[in-house]
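Chain A is the first sequence line, chain B the second, and so forth, proteins listed ahead of strands; every chain is numbered from 1.
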Protein chains: 2
Amino acid sequence: MNSKEKKEIKVPMKEQFGNYMVPVRDALEVFSGKWKIPIITALSFYESCGFKELERIVEDITPKMLSKELKFLEDNLLITRKVEDTRPVTISYSITEYGRTCKSVMSELYRWGVEHRKKVFNIEGKTWDKCLGH
Amino acid sequence: MNSKEKKEIKVPMKEQFGNYMVPVRDALEVFSGKWKIPIITALSFYESCGFKELERIVEDITPKMLSKELKFLEDNLLITRKVEDTRPVTISYSITEYGRTCKSVMSELYRWGVEHRKKVFNIEGKTWDKCLGH
DNA sequence: CATACTGCTATACTTTTGGATACCACTATA
DNA sequence: TATAGTGGTATCCAAAAGTATAGCAGTATG
């Protein structure tokens, strides 16, 4: 129990790093999950999409998840929802300028992920094809 | 239904981007969740730790989660588990050289997360303190 | 007036994630 | 020989995340 007996005293993370995990968790909330990155990517590419359009672009997503994630992304100022004055009324979802800052994070995840596949599964080019659809 | 009628034809993500989500998901598997980043960070800082030591450093983690995540990180070549020839037997968990490549991803998540807090919660320095501890 | 398109919501699940608690074998120390 | 430290496992449970399926109001279009 005496500190003399311990060769090295290792303090808890918070003492060492403060609350560095708080912003990391904020970021993870935006980028983790099955659908947020695909939606952000779709809107980064297409500028503006309707709800049903997104349902088709982001394959296999259910309307419930799409609706939920769009609200989340809007709350986080990454996209906008605009009601267009057309008949019938259409909605256009677009990425914001701020939303485009996600690209650097997504690129880093992609880059690391590619290296990770090489390292862990020893996949370079050939076997890689297996992962494309099938 | 005719393509003439559509002003713009938006193709599904896979057609546009192939399987770019595969490595992104691989990366997210490593960096998402409540405990992986804290564990990686702890081992990046302390070089080598025992199980009970990690239980104290990574605050509030249960042995079940710690055990599970350590196995996962080992399977992903990010850490090593070495049985030391001591009495009693001790185990030393260490980060691998490869494991250190996680740093660039975690830094990017941190950097973006800090900006995101500023943007969304309008938090700069003062209110920030609220997030430290309690 | 039936059909189909838009932009969703509602309900009932299943799966995944993580937490709580107890406990185990082994070894050292007082 | 009781106590405490090491490195975990086992069991049960709650909450979160995601899926499946149905439906609805409004507006066209044939």
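Ile39(A) has its CD1 atom 15 Å from the C1' atom of dG7(C), to the nearest Å. Atom NZ of Lys36(A) is separated from atom P of dA17(D) by 7 Å (rounded to the nearest Å). Going from atom NZ of Lys34(A) over to atom P of dT14(C) covers 17 Å, rounded to whole Å. What separates CZ of Arg25(B) from P of dA17(D) is a distance of 18 Å, to the nearest Å. If you measure from atom CG of Leu66(B) to atom P of dA10(D), you get 16 Å, rounded to the nearest angstrom. The distance between atom CD1 of Ile91(A) and atom P of dT27(D), rounded to the nearest whole Å, is 13 Å. When the P atom of dG7(D) is taken as reference, atom CD of Glu55(B) falls 10 Å away, rounded to whole Å. A straight line from CD of Glu69(B) to P of dT17(C) spans 9 Å, rounded to a whole angstrom.
Looking at Lys64(A), its side chain comes within 3.5 Å of the base of dT19(D) through a donor and an acceptor atom.
When the nucleotides dA28(C), dT6(C), dA22(C) are ranked by their closest atom to the side chain of Thr90(A), dT6(C) comes out on top.
Taking for each of Phe51(A) and Met65(B) the nucleotide of DNA chain C with the nearest heavy atom, the 5'-most of the two is the partner of Phe51(A).
Heavy atoms of Lys52(A) sit under 4.0 angstrom from at least one base atom.
Between His116(B) and Tyr98(A), the ring planes are parallel. Angles under 30° get that label, and only those over 60° would be called perpendicular.
For Lys71(A), a side-chain nitrogen or oxygen approaches OP1 or OP2 of dT9(C) to under 4.0 Å. Taking only side-chain nitrogens and oxygens, Thr62(A) never comes nearer than 4.0 Å to OP1 or OP2 of dA20(D). OP1 or OP2 of dC8(C) has at least one side-chain nitrogen or oxygen of Arg81(A) nearer than 4.0 Å. Close to dT9(C), at under 4.0 Å from its OP1 or OP2, lies a side-chain N or O of Ser67(A). Phosphate contact (OP1/OP2 of dC8(C), side-chain N/O of Tyr93(A), threshold under 4.0 Å): present. Phosphate contact (OP1/OP2 of dT6(D), side-chain N/O of Arg56(B), threshold under 4.0 Å): present. Between Arg87(B) and dG5(D), a side-chain N or O to OP1/OP2 separation shorter than 4.0 Å is absent.
Counting only N and O atoms by type, the side chains of Thr101(A) and Trp112(B) include a donor and acceptor under 3.5 Å apart.
Taking the side chain as every heavy atom from C-beta outward, Ile79(B) and Tyr93(B) approach each other to under 4.5 Å. In this structure the side chain of Val30(B) reaches within 4.5 angstrom of the side chain of Phe72(B), judged on heavy atoms.
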>> Please determine whether salt bridge (Lys or Arg N to Asp or Glu O under 4.0 Å) holds for the pair Glu59(B) and Lys10(A), giving the CA-CA distance in whole Å, both sets of side-chain angles, and the decisive distance to 0.1 Å.
In response: CA-CA 12 Å; Glu59(B) 289 158 282; Lys10(A) 289 166 185 171; over 6 Å; no
